[in-house]
Amino acid sequence: MMSPAIVLAGGLGTRLRSVVADRPKVLAPVAGEPFLVHLLRQLERSGVREIMLATGHGGDQVEAFLASSTQGDMVVRCVREEEPLGTGGALAFAMREAGIDRPFFALNGDTFFSGDLRQLEASMAPVTLALSRVPDAQRFGRVTLATGDDPVRITGFEEKGAATGPAWINAGVYRIDPGALADIEPDTFVSLERDVMPQLVARGELAGVRFPEASFLDIGTPEAYDRAADVLATL
């Protein structure tokens, strides 16, 4: 059975408000459709049929959109956090609310990744990242890797601004074993990137799968948002 997916769709989108001020980022129009439609379509291509949207800011708009649209044979539900919980806290909250007790995919609601998520299924690590290759890592930060075949062990991260030149970066897509989030207390703000993953790196339990041909984009800034339509129009 294919893993379910949780999409983090509760971001405030403060950097994008100059161009999209009346809706959450996940509903921002890109190439003629809400960004969420592109995310759901790509999940469907990867064989995912069960999807939970972890909403917060603008959650009522996301729920209204789903009620007025069709999702084919996918089951798409929402769970809304009352207060921001961070990426790790939001995933733990959505996982518990949805009753997910097996490995699942997690996606950022403001990034798009064209790789087939089935390639992450072979990893037995508690958390596995999809890795995208970019010509300049300055805006994203660099993922450092051990030698070997995929899934490869991740040895660390270089912060945004500190890394330059071609690099493998975190594509914002994860395969997560529920046990990796089991220690997160309810209603606790936890960052997956800053709190959970460094501990996994220290234990040698964070893995990555490289996707050299996959497209990666985000809509987190006005400049990136403007470029997104051109990329998605070709997929």
Side-chain angles (χ1 to χ4, degrees), residues 1-8 39 42-43 45-48 50-52 54 86-92 94-96 98 100-135 137 139-160 162-163 165-184 190-218:
M1 181 183 297
M2 190 63 173
S3 297
I6 297 175
V7 179
L8 293 170
L39 294 180
Q42 183 58 25
L43 286 170
R45 292 190 190 108
S46 289
V48 178
E50 181 184 351
I51 300 161
M52 175 67 68
T87 48
L91 286 172
M95 177 185 77
R96 291 165 179 152
I100 296 174
D101 58 2
R102 58 192 174 96
F104 62 92
F105 298 119
L107 297 81
N108 290 318
D110 61 355
T111 60
F112 178 89
F113 178 69
S114 68
D116 190 334
L117 303 192
R118 282 171 282 217
Q119 294 184 47
L120 300 176
E121 292 276 53
S123 177
M124 296 293 104
V127 176
T128 303
L129 279 62
L131 304 175
S132 181
R133 189 74 173 173
V134 297
R139 183 165 167 255
F140 304 101
R142 181 194 308 267
V143 179
T144 59
L145 308 172
T147 58
D149 298 328
D150 290 336
V152 63
R153 181 169 58 87
I154 291 175
T155 59
F157 299 89
E158 292 182 28
E159 293 292 331
K160 300 175 184 179
W168 291 104
I169 67 167
N170 179 359
V173 178
Y174 313 85
R175 184 179 186 271
I176 300 177
D177 185 283
L181 306 180
D183 291 338
I184 297 178
V190 176
S191 167
L192 182 68
E193 299 83 356
R194 296 188 180 278
D195 298 322
V196 177
M197 293 200 297
Q199 296 181 29
L200 294 172
V201 168
R203 297 196 297 265
E205 296 178 348
L206 186 65
V209 173
R210 291 164 284 202
F211 291 79
E213 305 300 326
S215 297
F216 168 80
L217 62 89
D218 74 278

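For clarity, every value in this text was computed on a predicted model and none was experimentally measured.
Atom CZ of R194 sits in a sparse spot, with 12 or fewer heavy atoms from other residues, nucleotides or ligands closer than 6.0 Å.
For the pair V48 and S3, the tightest heavy-atom approach, listed with the atom from each and the gap, is CG1-O, 3.8 Å. The two residues R133 and P166 have their closest heavy-atom pair at NH2-CB, 3.8 Å. The shortest non-hydrogen separation linking A54 to A94 is CB-CB, 4.1 Å. V196 approaches A180 most closely through the heavy-atom pair CG1-O, 4.2 Å. In plain terms, the two heavy atoms of M2 and R102 that are nearest each other are O-NH1, 3.1 Å. Of all heavy-atom pairs spanning N108 and L39, the tightest one is O-CD1, 4.4 Å.
The side-chain heavy atoms of V201 and F157, taken from C-beta on, include a pair separated by under 4.5 Å. P4 has its side chain out of reach of M52: every pair of non-hydrogen atoms, C-beta onward, lies at least 4.5 Å apart. For the pair I154 and M197, the minimum side-chain heavy-atom distance is 4.5 Å or more. Two residues are said to be in side-chain contact when any heavy atoms from C-beta on lie closer than 4.5 Å; V173 and L120 meet this criterion. Residues I100 and I6 meet the side-chain proximity criterion, which asks for heavy atoms closer than 4.5 Å. By the 4.5 Å heavy-atom criterion applied to side chains, W168 and P212 are counted as neighbours. By the 4.5 Å heavy-atom criterion applied to side chains, L181 and L192 are counted as neighbours. Residues T111 and F216 are in side-chain contact: their nearest non-hydrogen atoms beyond the backbone lie under 4.5 Å apart.
Side chain of D150 to backbone of R210: a donor-acceptor contact under 3.5 angstrom is found.
Here CZ of F105 is found 7.0 Å from OG of S46. Values are rounded to the nearest 0.5 Å. Between L131 atom CG and R142 atom CZ the span is 12.5 Å, to the nearest 0.5 Å. Atom-to-atom distance recorded for D218:CG and R139:CZ is 4.0 Å, nearest 0.5 angstrom. From I176, atom CD1 reaches atom CG of L129 across 8.5 Å, with rounding to the nearest 0.5 Å. Rounded to the nearest 0.5 angstrom, E121 CD and D116 CG are separated by 9.5 Å. The line from OG1 of T128 to CG of L117 is 12.0 Å long, rounded to the nearest 0.5 Å.
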Note to self: Run L145 and T155 through side-chain contact (heavy atoms from CB on, under 4.5 Å) and show every step you take.
What the structure shows: CA-CA 5 Å; L145 308 172; T155 59; 5.5 Å; no
Check: Can you check side-chain contact (heavy atoms from CB on, under 4.5 Å) on L107 and Q42, steps first, answer last?
Finding: CA-CA 11 Å; L107 297 81; Q42 183 58 25; over 6 Å; no
Next item on the list: Show the numbers, then the answer: is there a side-chain contact (heavy atoms from CB on, under 4.5 Å) between L43 and V7?
Entry: CA-CA 10 Å; L43 286 170; V7 179; 4.1 Å; yes
Note to self: Test side-chain contact (heavy atoms from CB on, under 4.5 Å) on E205 and Q199; report intermediate values, then the result.
What the structure shows: CA-CA 9 Å; E205 296 178 348; Q199 296 181 29; over 6 Å; no
Next item on the list: Report the C-alpha distance between E193 and K160 in whole Å, list the side-chain angles of each, state the deciding distance to 0.1 Å, and finish with yes or no for salt bridge (charged side-chain N to carboxylate O under 4.0 Å, His left out).
Entry: CA-CA 13 Å; E193 299 83 356; K160 300 175 184 179; over 6 Å; no
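Scanning for ring-ring contact (aromatic ring centres under 6.0 Å, His included) contacts around F211 gives F113, with sequence neighbours left out.
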